[in-house]
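Each ligand, and each atom within it, is numbered from 1 in the order the structure gives.
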Amino acid sequence: MALPPHRPTGPDTAALATLPTPLEPMPRLGVALGLGPDDLWVKRDDLIGLGGGGNKVRKLERTMAAALHDGADVVVTSGAPQSNHARLTAAAGARLGVPVVLVLVGDEPATETGNLLLDRLLGARIVWAGDVGAEGLAAAVQDAADHERSAGRRPGVIPFGGSNAVGARAYEDAGRELIDQAPDLRDVVVAVGSGGTMAGLVSALGPERVLGVDTGAVGDAVDRVRSLWGAIAPDDAAAGTLRIRSDLVGAGYEVLTDDTRAAMQLVARTEGIVLDPVYTGRAAAGLVAGVRDGAVTAGSRTVLLHSGGLPGLFGHPHASPWREA
Ligand SMILES: *Cc1c(COP(=O)(O)O)cnc(C)c1O
C-alpha cells in the first residue's frame, strides 16, 4: 500500500521541524552561576518535534529535500554508533517515506541501546563499518551506496552530521529565528561536532556572538567550522575570528568528563532540563567555564542551545554515574 507523504516537500526544504522552537528563561541556573535572573536562556531545539528532537532535524529539512530533489529513492548516511544524526535521518526517512541505510563505526554490539535502539525502531537498515577512521567510514558509505545502485536503486548520500553548506544554511535560519526571539542576544553557546550548527549560527549572528564548545568529534573543530562558514559566506569567513573553546574535550568525544557531569547535574537540578553527556552537557560545561573566566558576563543575554541528544544518555558507556551523586 502506498502511504501518502506526510507534508509537502519542496526543492529546498522538507517540512520536518515544528518551528520556532521555544526560547525559555533559566533564572535559577543564571543566579546559581552568579549571573542575573534574566541573563540566561535556553533555545529548545531538543523540542523540535521529529524523532526525539535535536539540531539535526533542521539540517535534514534541507539535506533530505536536496537528496529527494536529485531523485534519491534511498538515503545513506554515517556516524558513531550513538549518532543523533543517524537516528534523526532514520526518523526523517520514515516521515518522508524513503528507506534509510546507516553506516556506523564499530561492530554490532550485543545489546542495542539509546540511539541505536531508536534507529531500529524507526526502521533503518544498519551496516557496521568496523573500527575505521574518517576515511574508512567514507569508503564504507561509498560501498553501501554502490550496493544500493547495483540493486537498481538511486542512493542519496547525506554527509556525516548533516554538515555541508546546505545543512549549515539551516542554522543560518535558526540564527535569524533566535534573533527574532532575543534581539538583545549577546552570546549563544553551542556544542561543536561536525561543525555545521556553529557555522550557520556564526553566519547569521557574526563570530563574536557565538561561543563554540569543541566536543572532540572531529580533529580540528576550528578548521571545520571555518570551512563550512566559508562555504556559505566566503568573505566573512576569510576575515572573522571564531570563538571555540577546546578545554572541555577531556579524554575524548565519548568520555564523560567531570566538568560535563557537574554541568549536567546543575542544569538538571536547577531547571529540570536534561542534557546529554557528549554535546549539550559539554556546551553547558563551557558556559560554566565561560562565566568563570569572563567570556560570559552578567547584565547581558546569553543563550544555551539545547541541540538535543537525550537518547545518547541511555546508550552512553558511562551510564548511571548519578547513583551516588
Ligand atoms: C550533532 C550534535 C551537535 C553538534 O552539531 P554539529 O552541527 O555536528 O556541530 C550538538 N548537539 C547534539 C545533541 C548533536 O547531536
Check against side chain to side chain contact (heavy atoms under 4.5 Å, CB included), L33 and L266
CA-CA 10 Å; L33 292 177; L266 183 63; 3.7 Å; yes
Under the criterion side-chain contact (heavy atoms from CB on, under 4.5 Å), which of T297, L205, T302 is the partner of R186?
T297
Charged N to carboxylate O below 4.0 Å: is that the case for R58 and E61?
no
Which of the atoms in ligand 1, numbered in the order shown and given with their element, are less than 4.0 Å from a heavy-atom of G309?
13 (C)
Between E108 and R120, does any NZ, NE, NH1 or NH2 come within less than 4.0 Å of an OD or OE carboxylate oxygen?
yes
To check your reading of the model: name the closest protein heavy atom to atom 5 (O) of ligand 1, its residue, and the distance in Å.
N55 ND2, 2.9 Å
of all protein heavy atoms, closest to atom 8 (O) of ligand 1 is S194 OG, 2.5 Å
A side-chain contact here means heavy atoms from C-beta on lying under 4.5 Å apart; do L248 and T257 qualify?
no
Taking it one step at a time, do L19 and I48 satisfy side chain to side chain contact (heavy atoms under 4.5 Å, CB included)?
CA-CA 7 Å; L19 300 176; I48 206 161; 4.0 Å; yes
Salt bridge present between D146 and R149 (N-O < 4.0 angstrom):
yes
Per-atom contacts of ligand 1 with V192, taking only distances under 4.0 Å to non-hydrogen atoms
9 (O)
N/O of G195 under 3.5 Å from N/O of ligand 1, yes or no?
yes
Donor-acceptor pair, distance only, cut-off 3.5 Å: does the side chain of T63 make one with the backbone of K59?
yes
Residue selection (non-hydrogen contact nearest atom 9 (O) of ligand 1) among S163, G193, G212, G53
G193
So if I count the atoms of ligand 1 from 1 in the order they appear, which ones are less than 4.0 Å from some heavy atom of K59?
6 (P), 7 (O), 8 (O)
Going by the order shown, which atoms of ligand 1 are within less than 4.0 Å of some heavy atom of N84?
13 (C), 14 (C), 15 (O)
Is there any N or O on K56 that sits under 3.5 Å from an N or O of ligand 1?
yes
Numbered atoms and elements of ligand 1 in range of S307, under 4.0 angstrom, heavy atoms:
10 (C), 11 (N), 12 (C), 13 (C)
Under 4.0 Å from any heavy atom of T197, which atoms of ligand 1 are there?
5 (O), 6 (P), 7 (O)
What do you reckon, does H85 put a non-hydrogen atom under 4.0 Å from ligand 1?
no
